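These notes are about the structure you will find just below.
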Protein chains: 2
Amino acid sequence: MTMVRQTKQRAAVIEVLQASRAHPDAAQVHAQVREKLPSVSLGTVYRALDALVRDGMVTPIERVGQATRYDYRREGDDHHHAVCRTCGAIFDVPVSSVPPIPHAHLPAGFQVTDVRLEFMGVCPSCARN
Amino acid sequence: MTMVRQTKQRAAVIEVLQASRAHPDAAQVHAQVREKLPSVSLGTVYRALDALVRDGMVTPIERVGQATRYDYRREGDDHHHAVCRTCGAIFDVPVSSVPPIPHAHLPAGFQVTDVRLEFMGVCPSCARN
DNA sequence: ATATGTGCAAAACTTTTGCAATCTG
DNA sequence: CAGATTGCAAAAGTTTTGCACATAT
């Protein structure tokens, strides 16, 4: 059995993610973590994030040519995203505001683990400029 | 006014995308383009793909730590995707098989240009192994 | 003509990894 | 202790860019 250990580095990564609603990327998490634990390396942050994604505690949000951003999944706060193509801002959209999406017409035998819904567009602030 | 020119390189990129249902990445498009036009560079392929994405003729599909893949949007073949986390295969899911998704509860003034829906999971072939 | 597009190669980034040293359970 | 984890630095991989030359309009 693989054993997962609790380390201060991982605790710090989780703490940073929990404290932020900005969907930070790995470098931003790293910077924040370093404020508490200056010696933590970026590699360690990546390894911690990978583990959290694997555990389902965090969801990655990808965009072309940009660093992956990480979304902490809070209990009872399941949500989708609205992504601004201009400034990159990511807004949460509660799942409760979208009708349930049936898994119909998928390839036979395809096992869904996660449904990602993203509204791509232009945020109010960017639309104004 | 900026003028967009038609070149054989871009025509070849479009041709490759139209001919494929495999959602190729930039390197794969490049390889295919080179079969016809051996001198085309990878940089040119990236520039062509960027332009097509900007025009809305192609949709990028991102995955953590993997190359962006490109989806040619055929007239009357609007679709979402089912992505296998294990082998990376991407399956098309017709939009007609999913109920319309209301743009409710988005940030006030957010202008939606595109709705992306991805079913993440394990494909039948990978589930078997 | 002239501004856009191309090829090449180098640079910029993001993410992953090998390894010796350190920790956790 | 044994094995998981870390820091460091190098490597791998993807995407972007500067520049001189070619080309579409």
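Bear in mind that the values here come from a model prediction, so they are computed numbers and not experimental data. So that the names make sense, note that chain A is the first sequence line, chain B the second, and so on, each numbered from 1.
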Residue list, side-chain hydrogen bond (donor to acceptor under 3.5 Å, both in side chains) with B:Thr113, at least two apart or on another chain: A:Arg85

Test side-chain contact (heavy atoms from CB on, under 4.5 Å) applied to A:Val53 - qualifying residues, sequence neighbours left out: A:Val58, A:Pro60, A:Tyr70

Partners meeting side-chain contact (heavy atoms from CB on, under 4.5 Å) with B:Arg10 (sequence neighbours left out): B:Val4, B:Thr7, B:Ala48

Set of salt bridge (Lys or Arg N to Asp or Glu O under 4.0 Å) partners for B:Arg21, sequence neighbours left out: B:Asp77

Between P of C:dT14 and CD of B:Glu62, the distance in whole Å: 15 Å

A:His79: ring pair (Phe, Tyr, Trp, His ring centres under 6.0 Å) partners, not counting sequence neighbours: A:His81

Ring centers of B:Phe119, B:His80 separated by less than 6.0 Å: no

Integer-rounded Å distance: D:dT14 P and B:Leu42 CG: 10 Å

Single-linkage hydrophobic cluster B:Val29~B:Leu42, side-chain heavy atoms < 4.5 angstrom: yes

Salt bridge (Lys or Arg N to Asp or Glu O under 4.0 Å) partners for B:Arg73, two or more places apart: B:Asp78, B:Asp114

Atom-pair distance (CG on A:Leu49; C1' on C:dT14), nearest Å: 13 Å

A:Gln6 CD - D:dA4 C1' separation (whole Å): 14 Å

Below 4.0 Å: OP1/OP2 of D:dG7 and any side-chain N or O of A:Gln9: yes

Terminal axis angle for the helix from C:dA1-D:dT25 to C:dG25-D:dC1, five pairs an end, nearest 10 degrees: 50°

Proximity to the side chain of A:Ala67 - top-ranked nucleotide from C:dC8, D:dG7, C:dT15: C:dT15

Single-linkage hydrophobic cluster A:Val16~A:Leu49, side-chain heavy atoms < 4.5 angstrom: yes

Phosphate OP1/OP2 of C:dA9: any B:Ser41 side-chain N/O under 4.0 Å: no

Separation of atom CE in B:Met3 from atom P in C:dG5, rounded to whole Å: 9 Å

side-chain contact (heavy atoms from CB on, under 4.5 Å) against B:Pro94, all qualifying residues, sequence neighbours excluded: B:Ser96, B:Ser97

For atom OH of A:Tyr46 and atom P of C:dC13, their distance in whole Å: 13 Å

Close residues, residues 18-33 of chain B, relative to DNA chain D [heavy-atom separation under 4.0 Å]: none

Spacing between B:Arg54 atom CZ and C:dT4 atom C1', to the nearest angstrom: 13 Å

Rounded distance (Å) that lies between atom P of C:dT15 and atom CZ of A:Arg69: 12 Å

Contact pattern, 5' to 3', of nucleotides 18-23 of chain D - B, S or - by protein heavy atom under 4.0 Å: B----B

Qualifying residues under ring pair (Phe, Tyr, Trp, His ring centres under 6.0 Å), relative to B:His105, sequence neighbours excluded: none

Residue met sooner reading DNA chain D from 5', once A:Arg10 and B:Thr44 are mapped to nucleotides: A:Arg10

Residue list, side-chain hydrogen bond (donor to acceptor under 3.5 Å, both in side chains) with A:Tyr72, at least two apart or on another chain: A:Gln18

